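Reviewing the structure listed below.
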There are 2 protein chains.
Amino acid sequence: MQNSKNHLKTVPKSVIKRLALYARTLHRMELNGIMRVSSKTLAERLGITPAQVRKDLAHFGQFGVPGFGYRPGELREKLRKILGTDRMIRVAIVGAGNLGKALLSYVGFRAQGFKFVAAFDSDQRKIGHIINNIKIQNIDNLEKIILGKKVDIAILAVPASKAQEVTDRLIKCNINAILNFVPLRLIVSDNVKVHYVDLAIELESLSFYLR
Amino acid sequence: MQNSKNHLKTVPKSVIKRLALYARTLHRMELNGIMRVSSKTLAERLGITPAQVRKDLAHFGQFGVPGFGYRPGELREKLRKILGTDRMIRVAIVGAGNLGKALLSYVGFRAQGFKFVAAFDSDQRKIGHIINNIKIQNIDNLEKIILGKKVDIAILAVPASKAQEVTDRLIKCNINAILNFVPLRLIVSDNVKVHYVDLAIELESLSFYLR
DNA sequence: TAGATTGTTAATCGATTAACAATC
DNA sequence: TAGATTGTTAATCGATTAACAATC
């Protein structure tokens with residue numbers, strides 16, 4: 001019950017996201033030389049309850065010392081192992097429009113241990129350009145290049161009309177994790193994990209709260 | 001109980017997001033000439049249950065015809081009224097780095113009835129540039145310009161070190177809806193609504209699912 | 001009318017919070 | 001040891017799903 005792999009089905013996505021938030025916060029504490037943190041302190045920083053912090057961690061084992069709390073560096077290391085971010089994660093991006101290009105040079109990704117290893121587009125005017133040291137390649141060569149580069153995660157930022165077709169091709173290349181920016185539900189088999197980032201929906205739902 | 005304004009506190013954010021998804025799906029159906037849709041069909045398109053569709057709508061009133069279903073155009077109009085997207089929403093963006101610039105030209109926003117009316121940066125090399133017809137202005141003039149432009153929503157895409165300060169200034173200009181791309185919890189009063197889009201966390205939590 | 005599908009209530013499921021014995 | 005905080009169980013809360021009478 002210690003190993004994350006047993007939990008693929010049972011641990012809710014919301015818990016996983018919070019684990020990543022804990023890891024980030026712990027990192028900042030580490031950089032500030034903090035040697036000790038309680039679930040109470042960590043929770044305060046994130047606007048949640050201490051019980052939730054402890055409950056989330058309990059999915060994966062015991063990481064604290066009763067009466068003391070947690071050691072930031074230690075806990076962060078364990079969270080990174082659980083999340084699988086204790087190694088470099090190799091990312092390919094499909095679609096080098098404005099959004100794709102911005103993601104390609106997003107410094108937040110590099111800081112967190114992600115590395116772009118390939119970028120694709122179908123537009124001749126974009127192919128060959130180099131952004132953040134990555135050459136934009138012809139999407140016709142997707143399969144050949146992806147299979148050679150050991151890609152872990154694909155980011156999808158293509159026009160909606162191409163999204164499903166590109167997804168199918170990615171999956172044939174054994175990609176089973178996709179971060180999808182296309183406002184469309186992708187049809188994939190159960191072993192493929194898709195996270196949706198829907199920028200328009202975020203804005204639209206905000207407008208509900210305008211006084 | 002019909003008016004969305006009464007529900008600001010009681011309707012969960014997840015419901016509001018689904019309403020926006022319903023509106024989008026209904027729009028596509030409309031464009032395809034579909035004159036009638038059941039909660040079952042709508043739910044299938046979105047991968048949820050028909051009961052959830054009906055329950056979500058029930059927060060705001062009765063929109064369907066028993067034995068018949070819903071008229072896409074009609075329901076979409078009502079959802080847009082509830083969401084407040086039946087008018088042009090005016091958006092300002094603070095931070096014109098790669099991400100900011102990409103958002104500024106993101107066509108998905110225009111399609112949904114959002115309009116950028118101002119963009120800001122502190123970098124002299126960016127100030128004065130025009131992107132998507134919007135001139136990037138000196139952030140020193142934030143207050144003056146925002147107050148003149150009736151901004152509804154601000155998008156935050158500045159470096160983490162500036163995020164809280166910029167937020168405080170936006171709120172002083174009566175902005176009470178912020179779409180925040182900075183990986184940091186913003187401190188705001190209760191009447192201000194912040195939606196977080198945390199790109200690094202999305203990627204990190206995906207890596208958990210890598211087989 | 002018969003069939004279909006709504007709106008709504010009740011049942012279920014899951015996630016969050018509270019409480020506390022264990023323990024450093 | 002006394003105080004603090006964990007890990008975990010039980011209680012609460014909220015959201016999702018099922019069921020069905022109402023009704024077009």
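The structure displayed is predicted, hence computed values, not measured ones. Values below: every heavy atom of this structure, side chains too, minus hydrogens, waters and symmetry copies.
By the neighbour-count criterion of 12 heavy atoms within 6.0 Å, atom CG of A:Asn191 is densely surrounded, having more than that number from other residues, nucleotides or ligands. Counting heavy atoms of neighbouring residues, nucleotides and ligands inside a 6.0 Å radius, atom NZ of B:Lys17 exceeds 12 of them.
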For residues 146-160 of chain A, tabulate all N or O donor-acceptor pairs below 3.5 Å that involve a side-chain atom, not counting sequence neighbours.
unit_1	atom_1	unit_2	atom_2	d
A:Asp152	OD1	A:Arg87	NH2	3.4
A:Asp152	OD2	A:Arg87	NH1	3.2
A:Asp152	OD2	A:Arg90	N	2.7

When the side chains of residues 167-179 of chain B are checked against the rest of the protein, which donor-acceptor pairs come out under 3.5 Å, sequence neighbours left out?
unit_1	atom_1	unit_2	atom_2	d
B:Thr167	OG1	B:Ala163	O	2.7
B:Asp168	OD1	B:Gln164	NE2	2.9
B:Arg169	NE	B:Glu143	OE2	2.8
B:Arg169	NH2	B:Ile139	O	2.9
B:Arg169	NH2	B:Glu143	OE1	3.0

Below 3.5 Å, can you tabulate the donor-acceptor pairs from side chains in residues 25-35 of chain A to any protein atom, sequence neighbours excluded?
unit_1	atom_1	unit_2	atom_2	d
A:Thr25	OG1	A:Leu21	O	2.9
A:His27	ND1	A:Arg76	NH1	3.1
A:Arg28	NH1	B:Pro183	O	3.4
A:Arg28	NH2	B:Pro183	O	3.0
A:Asn32	ND2	A:Arg28	O	3.2

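In this structure, the ring-ring contact (aromatic ring centres under 6.0 Å, His included) partners of A:Tyr106, at least two apart in sequence or on a different chain, are A:Phe109. Contacts of A:Ser39 classified as side-chain contact (heavy atoms from CB on, under 4.5 Å), with partners at least two apart in sequence or in another chain: A:Pro50, A:Val53, A:Arg54, A:Tyr70. A search for side-chain contact (heavy atoms from CB on, under 4.5 Å) contacts involving B:Arg71 returns B:Phe68, B:Glu74, not counting sequence neighbours.
Looking at B:Asn180, its side chain never comes within 3.5 Å of a backbone N or O of B:Val194 through a donor-acceptor pair.
Remark: A:Val65, A:Pro66, A:Gly67, A:Phe68, A:Gly69, A:Tyr70 in residues 65-76 of chain A come within less than 4.0 Å of DNA chain D through at least one heavy atom. Within residues 27-44 of chain A, no residue has any heavy atom under 4.0 Å from DNA chain C.
For DNA chain C, the stems formed by at least three consecutive Watson-Crick or G-U pairs, with both atom-pair distances below 3.5 Å, span C:3-24 with D:3-24.
For residues 107-119 of chain A, the pairs satisfying side-chain hydrogen bond (donor to acceptor under 3.5 Å, both in side chains) are A:Arg110-A:Asn132, A:Gln112-B:Glu204, with sequence neighbours left out. Sorted by first and then second residue, the pairs that involve residues 36-50 of chain A and meet salt bridge (charged side-chain N to carboxylate O under 4.0 Å, His left out), not counting sequence neighbours, are A:Lys40-A:Glu44.
Of all nucleotides in DNA chain C, those with any atom nearer than 4.0 Å to a heavy atom of chain B start and finish, going 5' to 3', at C:dA4 to C:dT9.
Geometrically, B:Lys193 engages A:Tyr209 in a cation-pi contact defined by less than 6.0 Å to the ring centre and at most 45° from the axis.
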